[in-house]
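In this chain, residues are counted from 1 in sequence order.
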Amino acid sequence: MKLAYYPGCSLKGTAREYDLSTRLVARHLGLELVEIPDWNCCGATAAHSTSHFLAVALPARVLALAEDMGLDILSPCAACYQRLRAAQEELKRDPELKRQVEGALGRTFEGRVRVFSLLEALAQLGEEALAAQVVRPLKGMQVACYYGCLLVRPPLTSCDDPEQPQLMEKILAPTKVDTLDWGGKNECCGASLIFGAREVALNLIKNILHAAAQVRAHALVTACPLCHANLDLRQKEVNRFFGTNFAIPVFYLSQLLGIAMGLNLRDLGLGSHFVDPRRALRMVGS
């Protein structure tokens, strides 16, 4: 399987470990990723709150570049995935907007490209292919799969059931990790509210950590750079603000899969966590 790879801004900056682990795991699973040349920012959370046209035109250019490659797209970042999918839907149902975007791009927009989230791309490979690569089963580790908002909402662009998503649990099943049933999997972490309404975001993060702690999760697993930053980087601040003592490591889905596949921990970016993951890793002998 060969896909056009769209890392987006986060995976080239604050979520570099997500980029590293995604590329590494994909290579070992026989998933060929070809980075889209001259890609641009998708607009993420800022563009659609300031310019509807830019919120569509920016991801439309990325989609058009992938069309030129003749490949479908893998977008590991949940925010990028949502913006690419939303732009596709808007261009499909609004001919006038499509005409304006084509004018800005200086080309026609065919809309032939399919956009995969990391969850969809891995699920597409099938349980058998994933199981064949597992050499270090994660028996004994209990994890809470966290989807957040952007992968499952709104329903029009959702990669899974918005209320009861299960793709992450299915992908992790061959690793033998214990995926917990919990109530916080699709709650919002506050996303970029952390910059403008800090107390609101900290409260949302605290609620998610509390829900994970209640089911005795040894770790959280996510496929979103913004969710990872809020839950990992802000955990210390949450503890200071609310007088709590959370210490729950947060893994990217690609990192946890890579651990089960016996890949080098440093190559998976395991050294960049703010909450120390070593205790959770010791449970599975890593």
Side-chain angles (χ1 to χ4, degrees), residues 1-3 5-8 10-11 15-33 74-78 80-81 116-148 151-152 159-160 165-180 185 212 217-225 227-228 231-232 248-273 275 277-286:
M1 190 175 181
K2 186 175 179 180
L3 293 171
Y5 184 62
Y6 178 58
S10 293
L11 273 74
R16 190 164 172 272
E17 68 274 30
Y18 191 20
D19 182 53
L20 290 172
S21 54
T22 296
R23 290 177 190 263
L24 187 60
V25 164
R27 189 161 66 243
H28 278 77
L29 287 168
L31 192 57
E32 186 179 353
L33 304 181
L74 170 63
S75 174
C77 170
C80 297
Y81 168 78
F116 288 93
S117 65
L118 181 63
L119 275 62
E120 292 167 307
L122 291 172
Q124 189 94 345
L125 296 175
E127 186 172 337
E128 197 175 324
L130 294 170
Q133 293 297 322
V134 173
V135 297
R136 187 185 293 162
L138 305 178
K139 282 181 183 172
M141 187 191 288
Q142 298 182 168
V143 300
C145 295
Y146 177 67
Y147 293 78
L151 285 169
V152 294
C159 75
D160 200 349
Q166 287 294 318
L167 268 183
M168 211 179 302
E169 285 86 345
K170 288 177 183 170
I171 291 164
L172 289 173
T175 71
K176 307 301 181 190
V177 74
D178 187 5
T179 53
L180 299 165
K185 64 165 60 176
H218 299 141
L220 281 155
V221 191
T222 184
C224 173
C227 297
H228 189 280
L231 294 169
D232 182 40
I248 307 174
V250 187
F251 293 101
Y252 281 111
L253 174 63
S254 47
Q255 288 180 314
L256 206 57
L257 265 183
I259 294 166
M261 290 162 64
L263 303 179
N264 183 283
L265 299 188
R266 188 179 294 275
D267 294 343
L268 291 167
L270 264 296
S272 58
H273 282 69
V275 178
R278 284 177 293 186
R279 186 178 169 193
L281 292 175
R282 278 196 295 270
M283 290 178 181
V284 292
S286 296

Testing the basics here: between [X] and [Y], what is the closest heavy-atom pair and its distance to 0.1 Å?
X	Y	answer
Leu33	Arg23	CD1-CA, 4.3 Å
Pro225	Tyr252	CA-OH, 3.4 Å
Val152	Pro165	CG1-CB, 4.0 Å
Ala121	Phe116	N-CD2, 4.1 Å
Ser254	Leu118	CB-CD2, 4.3 Å
Leu270	Pro277	O-CG, 4.1 Å

Nearest-0.5 Å distance, [atom1] of residue [X] to [atom2] of residue [Y]:
X	Y	atom1	atom2	result
Phe251	Leu220	CZ	CG	10.0 Å
Arg16	Ser21	CZ	OG	11.0 Å
Tyr18	Cys77	OH	SG	7.5 Å
Met261	Gln133	CE	CD	5.0 Å
Asp160	Ser117	CG	OG	8.5 Å
Leu268	Leu257	CG	CG	10.0 Å

For residues [X] and [Y], determine if any side-chain heavy atom of one lies less than 4.5 Å from a side-chain heavy atom of the other.
X	Y	value
Glu127	Pro174	yes
Ile259	Leu265	yes
Leu31	Val25	no
Ile248	Val275	no
Asp232	Thr222	no
Arg278	His273	no
Thr175	Leu256	no
Met168	Lys185	no

- For the pair Leu122 and Leu253, evaluate side-chain contact (heavy atoms from CB on, under 4.5 Å) and give the outcome as yes or no after the intermediate values. CA-CA 10 Å; Leu122 291 172; Leu253 174 63; 3.9 Å; yes
Mark yes or no for whether [X], through its side chain, and [Y], through its backbone, hold a donor-acceptor pair below 3.5 Å.
X	Y	answer
Gln142	Leu180	no
Asp178	Gly140	no
Tyr147	Leu167	yes
Lys170	Ala123	no

- Message: Quick one about Asp19 and Tyr5 (side-chain donor to acceptor, distance below 3.5 Å, no hydrogens or angles considered), yes or no?
- Response: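 There is such a pair between these side chains.
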- Query: What pairs with Ser75 under side chain to side chain donor-acceptor pair (under 3.5 Å), at least two apart in sequence or on another chain?
  - Reply: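 By the side chain to side chain donor-acceptor pair (under 3.5 Å) rule, Ser75 matches no residue at all.
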- With sequence neighbours left out, what residues match Tyr146 under side chain to side chain donor-acceptor pair (under 3.5 Å)?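 Tyr146: no side chain to side chain donor-acceptor pair (under 3.5 Å) contacts found.
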